[in-house]
Amino acid sequence: MNESVLIGRSERFLDQIKRKRISLDNIQETEEFFKLYNYLKSNMDTLQDMRENMEMKGYTAPYRSINKYGRPPAGEMKAEDMYDISRHSQYFRMNAAAKKNILDRVKSAMSSHRIAIGHLEEFATIECESCHHKYRGHEISELSQKKCECGETDLKLHVNHQGVYRLEIIPFLPLSGDYMVKLSQLSPISRKAFRSMVRILKQEKRGIVKTVSLVIKVLEDGRWVRKRVTIDADEEANYEKEIRKQYGPNARIELMQFHRKKPSIINDKQVQTALSLGYIKHAENQILQFLPDLLEESLHDKNQVEIYQDALNTALKKANKLDTGEDPEILKKIFLNQELEEKGLLDNTGALPESLKNDLDLKEKTEKCLFQEIPRIYILWDLIHYYLTTSYDRRNKYSGPFPYLRPGLDSNQIKAFQDFQVEAVKIIQEYLKEKIEYIPHMARVLSSKFAIEKKMKGLHMPMGPALGAAILVAKGGLSVENAALMFSVDPEDVKKENLSTLQKPVSTKAKRFMEMMKK
C-alpha cells in the first residue's frame, strides 16, 4: 500500500472513532454491553493491522533514511542544486514526521482500547441460560458472536461486583489517539494532577541487570583483535568461561559494562498517559457537579466569592485585549481594582475584607485538594484493590483493566502508594458514595500481599477478594464488616481466611496432601 494512502486511511479511521460517542447508558443490559464490547474489539483488530503494516514499512524509525546520508559540501555543488536538495530534504522530513505522528496516534488508540476492554471484562460475567456456563474476564472475548460453546445464543449479563473496574473513564480515554488534544483541554490544576498521576505510574523498579557488554581481545591470524560483544546477564554465569568457549582459549576480557532495566508500575508510556487522562477527566467531571454545594456549605459568603471571580475574569480579558507594552500582570491588577471598586467589594482602605480573603484562600485549598487528590485516590484504590484480589499468575498472564501492569512490585515501587488524605476520602464518601476507605500504612498492606504470594507460590490455592479483605483487616486496621463491604464479599468468608497458615507444606504428609488437593 502506498504510504500516503496508508496514512490517509489511518487518519480517517481514527477520526471516525473520534466522532463516535461512547455511551454507558443501559450498559448492564446484555445487548448494550456486547454492542460496545464488540465495537471496541473490532476497532482493536483494525488498529493492530495498521500498526503491523506501519512497522513493516519502517514507521518506527522514519528519520533513519534521512540521517544516513550527509549533506554534500557546499563547494562541490551549484546554488540551484543545493536549493533542490534542501527542498527535497524538507519534503522527506515532513513525510517522516507524518509517519511518526500517525504511528504514535495508532499506539495511543490501541492502549486506550486495551484499557476500555479490560474494564468491560472486569465489569461483567456472562452466563449461558441453557448450559449455565459462565464467562469471566478474558473469556468474554470467546463470545464475540454472542454464542456459547454449547451453540446457544441465550446469554445473560450479571454485574461482577467483585471486579475492579471504573467504566466511567472509558468516554474520557483518547480512543482515537488524540491524547495531545485532550491534554491541551485540561485546566492548569488538572494538568498538574496529570503530571502527578504519570509520576505514580512511572515509579520504577530498582535496576535489574539484563545484558552485559564486553570488550574482548581475541587472537586471530597471529595478531590480537578487539571485539565488542553483548550477552544476556546471568547471576551464576562465568563470563570469562563463556567468552573462551565461543572465541577460543586465548580470548581475554578487557572491559565489562552492565546494562540495567528499570520497569515501571505501568510499563508502557501510552497506557500511562491514557489511564491518567481517563481518571483525571472522570474525577474532574464529578467534582464540577458537587463543588458548588460543597462551597456553599464551606464558605462564609459564596456570593461574594463569585462576584470576585467574575471581576477577575473581566480584568483578565481587558488586560489581554490592551497591548500597551506594560506587564500584563500589572494591567490585570489595575483593571481588577477598578472592577472590585465598582462592585463594592473593597473597604475604605481599598483592600478586600478579611472574611472574603479567608473564603478565597479556603476555595483555593479546597479545589487544589479535590482536583489533585481525588484522581490519585481513585487510581491508587483501584490498583491496590486489583493487587489484593488477584493472584500473581493472573496479573502476569492477563492485562485486565491495567495493561502492562507489573505483576509484582519491589519496595521502591510500593513507595508510590502513599496514604490518602482523610479529608478527601470523607468528601468522596459523602458526595460521590464511593466504596473507598482511608487505609493507614497502605504500602505495608500491599507488601503483606506480596509476601503471602511468595509463601503460596506453587500451591495453586485461590486468591480472591476474601483474602484481600482479610489482609485489609489484619494490616490495614479495617473492621471485618467494612472490609467485606469494600470488596463485596461475605464477612464470614473474610473470617475464614487465616493468614498465619498460608505457607508451603514442610512435612512429607503435608506435601502429599497438597498434591492430592491439586488433582
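All residue numbers refer to positions in the sequence shown, counting from 1.
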Novice: Could you tell me whether the side chain of Pro401 reaches within less than 4.5 Å of the side chain of Ile115, counting heavy atoms only?
Specialist: no
Novice: Any luck finding a side-chain donor-acceptor pair between Asn160 and Glu122 under 3.5 Å?
Specialist: no
Novice: Using the side-chain contact (heavy atoms from CB on, under 4.5 Å) criterion, which residues pair with Ser10? Sequence neighbours excluded.
Specialist: Leu6, Met50, Met54, Ile102
Novice: Please name the residue in the list Lys134, Lys156, His158, His133 that meets the side-chain hydrogen bond (donor to acceptor under 3.5 Å, both in side chains) test with Glu127.
Specialist: His158
Novice: Does Tyr279 have Arg166 sitting over its ring (NZ/CZ under 6.0 Å from centre, angle to axis within 45°)?
Specialist: no
Novice: I'd like to check the side-chain hydrogen bond (donor to acceptor under 3.5 Å, both in side chains) partners of Glu306; sequence neighbours left out, ordered by chain and number.
Specialist: Lys302
Novice: Could you tell me which residues satisfy side-chain hydrogen bond (donor to acceptor under 3.5 Å, both in side chains) with Arg51, sequence neighbours excluded, listed by chain and number?
Specialist: Glu55
Novice: Determine whether Arg136 and Glu121 make a side-chain contact, defined as any pair of heavy atoms from C-beta on separated by less than 4.5 Å.
Specialist: no
Novice: Under the side chain to side chain donor-acceptor pair (under 3.5 Å) criterion, do Ser187 and Ser190 qualify, and how do the steps go?
Specialist: CA-CA 5 Å; Ser187 63; Ser190 292; 3.1 Å; yes
Novice: Of Arg395, His385, Lys449, which meets side-chain hydrogen bond (donor to acceptor under 3.5 Å, both in side chains) against Thr390?
Specialist: Arg395
Novice: Using the ring pair (Phe, Tyr, Trp, His ring centres under 6.0 Å) criterion, which residues pair with Phe290? Sequence neighbours excluded.
Specialist: Tyr431
Novice: Are any non-hydrogen side-chain atoms of Val305 and Ile307 less than 4.5 angstrom apart?
Specialist: no
Novice: Sequence neighbours excluded and cut-off under 3.5 Å, please list the side-chain donor-acceptor pairs for residues 169-180, or say none.
Specialist:
from: Ser176; atom 1: OG; to: Asp178; atom 2: OD1; distance (Å): 3.1
from: Tyr179; atom 1: OH; to: Asp104; atom 2: OD2; distance (Å): 2.5

Novice: Tell me the closest heavy-atom pair linking Leu157 and Val159, and the distance in Å.
Specialist: CD2-N, 4.0 Å
Novice: Could you pull out all residues at least two apart from Glu32 that satisfy side-chain contact (heavy atoms from CB on, under 4.5 Å)?
Specialist: Asn26, Glu29, Lys35
Novice: Is it the case that the side chain of Arg376 and the backbone of Gln418 share a donor-acceptor pair, with hydrogens and angles ignored and the cut-off at 3.5 Å?
Specialist: yes
Novice: Quick one: are Phe371 and Thr366 in side-chain contact, heavy atoms under 4.5 Å?
Specialist: no
Novice: Go through Glu284 and Lys182 one step at a time and tell me if the salt bridge (Lys or Arg N to Asp or Glu O under 4.0 Å) criterion holds.
Specialist: CA-CA 13 Å; Glu284 187 181 75; Lys182 292 187 180 297; over 6 Å; no
Novice: Would you call Tyr59 and Ile7 a side-chain contact if the rule is heavy atoms closer than 4.5 Å?
Specialist: yes
